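Positions are given from 1, in the same order as the sequence printed here. Please read all numbers here as calculations on a predicted model, not as lab measurements.
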Amino acid sequence: MFYVCSGKNKKEFQKLYRMICNDGDDFLFYESGLELIKDLSSGYVSPDLILLEYKVFRNFEDVMYRLLKSMDLKIPVVMTGPSCQSRLALARCVSENEFALDFQIPCQTIRKIEKICTFIREKCIFDDLSEIVLNENTVPLKDFELPPVENNLLAFFYENRSRELSVEELEKQLDVKAESKIVRKNVVYSYISRLRNDFNKNLLSQMKIVRTKKGFYQLIISKKEGED
């Protein structure tokens, strides 16, 4: 198979490639998404699978599907972010691609997508954030031993700790796919509740998620006693 990848984290793509690829498979990395699109549209590259780094292309997935369809290219797209953390990742990825590109993905490619999702989930590669600073102490996220989805949610709250986050933003970060708006919100509330329960453990007790106003939440990190 021929894999084309794009994003900022080339080392993680190389790690993924070494773990999932067989002899005869090929790999091409693009730092620029625009260069990738240019080569796809010109026919310079014709991969079996496109891998995009979630942190870079998180708002670009639908655009990529439209571009591929306009060029009549039946190439599945896999995003390397939170959607891969779910055990439903394979079914979701396959159904989204088949719906967006109007074709049936070959069984061989589905097996590769499954290996990609499993490896990303189990090895926690492509984490947007690997550590948190709590009162001048740097703590690796993995030390909190959170489930993958809660780990991702904590990282997102931490990266945006200077502002309020809307329920809609959190839905997108958690990759909630339910059709019902009420169900989507309840999923977000459920994970916030789980994270709050986790905050009672060890160093996490220095953090809390507060509801700033209806539909908005923010991560607050408390200072140690005696600190100004």
TODO: Check Asn9 against Glu53 and note the closest heavy-atom contact, atom names and distance.
DONE: N-OE1, 2.8 Å
Task: Hydrophobic cluster identity match, Ile221 and Tyr217, side-chain contacts under 4.5 Å - done: yes
- [ ] Output the distance between atom CG (Leu101) and atom CD (Glu96), rounded to the nearest 0.5 Å.
- [x] 10.5 Å
Open item on the list: Less than 4.0 angstrom from a charged side-chain N to a carboxylate O is my criterion; do Glu114 and Arg111 meet it?
Closed with: no
Task: Straight-line distance of Arg211 CZ to Tyr189 OH, nearest 0.5 Å - done: 7.0 Å
- [ ] May I ask you to decide whether Lys112 forms a salt bridge with Asp48, counting only side-chain N to carboxylate O separations under 4.0 Å?
- [x] no
- [ ] Hey, could you give me the OH/CG distance between Tyr30 and Asp39, rounded to the nearest 0.5 Å?
- [x] 3.5 Å
Task: Where Leu52 and Ile50 come nearest, the two heavy atoms and their spacing - done: CD2-CG2, 3.8 Å
Open item on the list: Rounded at 0.5 Å granularity, tell me how far OG in Ser6 sits from CG in Leu36.
Closed with: 5.5 Å
- [ ] Check the hydrophobic clustering (I, L, V, M, F, W, Y; side-chain heavy atoms under 4.5 Å; chains of links allowed) and say if Phe119 and Val94 are grouped together.
- [x] yes
Task: Closest non-hydrogen atom pair, Phe2 against Ser46 - done: CD2-O, 3.8 Å
- [ ] Side-chain contact test, heavy atoms from C-beta onward, threshold under 4.5 Å: evaluate it for Lys69 versus Arg66 and give yes or no.
- [x] no
Task: Atom CD of Glu31 with >12 non-hydrogen neighbours under 6.0 angstrom - done: no
TODO: Give a yes or no answer on whether the side chain of Glu169 reaches the backbone of Ser166 with a donor-acceptor pair at less than 3.5 Å.
DONE: yes
Open item on the list: What's the separation between atom CD in Glu12 and atom CG in Leu51, rounded to the nearest 0.5 Å?
Closed with: 13.0 Å
- [ ] Check the hydrophobic clustering (I, L, V, M, F, W, Y; side-chain heavy atoms under 4.5 Å; chains of links allowed) and say if Leu73 and Leu67 are grouped together.
- [x] yes
Open item on the list: Just so I know, are the side chains of Leu170 and Ile192 near enough to count as touching, which here means a heavy-atom distance under 4.5 Å?
Closed with: yes
Open item on the list: Between Arg161 (side chain only) and Tyr158 (backbone N and O only), is there a donor and an acceptor less than 3.5 Å apart?
Closed with: yes
Open item on the list: Taking side-chain contact (heavy atoms from CB on, under 4.5 Å) as the criterion, tell me which of Leu90, Val78, Thr80 meets it with Ile116.
Closed with: Val78
- [ ] Applying side-chain contact (heavy atoms from CB on, under 4.5 Å), run through Tyr3 and Leu16 and close with a yes or a no.
- [x] CA-CA 11 Å; Tyr3 300 84; Leu16 177 62; over 6 Å; no
Open item on the list: Quick one: does any side-chain atom of Lys208 pair with a main-chain N or O of Phe199 as donor and acceptor, under 3.5 Å?
Closed with: no
TODO: Could you walk me through whether Ser190 and Arg194 pass the side-chain contact (heavy atoms from CB on, under 4.5 Å) test, one step at a time?
DONE: CA-CA 6 Å; Ser190 174; Arg194 294 182 197 183; 3.6 Å; yes
- [ ] Look up atom NZ in Lys74 and atom CG in Asp102, then write down how far apart they are to the nearest 0.5 Å.
- [x] 5.5 Å
- [ ] Answer whether the closest heavy-atom distance between the side chains of Pro47 and Leu40 falls below 4.5 Å.
- [x] yes
Task: Heavy-atom closest contact (Pro76 atom, Asn97 atom, distance) - done: CA-OD1, 3.2 Å
- [ ] Take Val187 and Glu171 through the test side-chain contact (heavy atoms from CB on, under 4.5 Å) and record every step on the way to the result.
- [x] CA-CA 8 Å; Val187 170; Glu171 283 177 16; over 6 Å; no
TODO: Specify the closest pair of heavy atoms between Leu219 and Met207, including all atoms of both residues, with the distance to one decimal.
DONE: CD1-CB, 3.9 Å
Open item on the list: Check the orientation of Phe27 and Tyr17. Use parallel for under 30°, tilted for 30 to 60°, and perpendicular for over 60°.
Closed with: tilted
Open item on the list: Could you report the tightest heavy-atom contact between Leu68 and Ile75, atom names first, then the distance?
Closed with: CD1-O, 3.5 Å
TODO: Report yes or no: do Val63 and Phe57 belong to one cluster of Ile/Leu/Val/Met/Phe/Trp/Tyr joined by side chain heavy-atom distances under 4.5 Å?
DONE: yes
TODO: Return yes if some donor-acceptor pair links the side-chain N/O of Gln173 with the main-chain N/O of Leu153 below 3.5 Å, else return no.
DONE: no
Task: Shared hydrophobic cluster for Met1 and Tyr44 (ILVMFWY, side-chain gaps under 4.5 Å) - done: yes
Open item on the list: Checking side-chain polar atoms at under 3.5 Å, does Thr212 have a donor or acceptor matched by the opposite partner on Gln218?
Closed with: no
- [ ] Report, as yes or no, whether the 6.0 Å neighbourhood of atom CD on Gln14 holds more than 12 heavy atoms from other residues, nucleotides or ligands.
- [x] yes
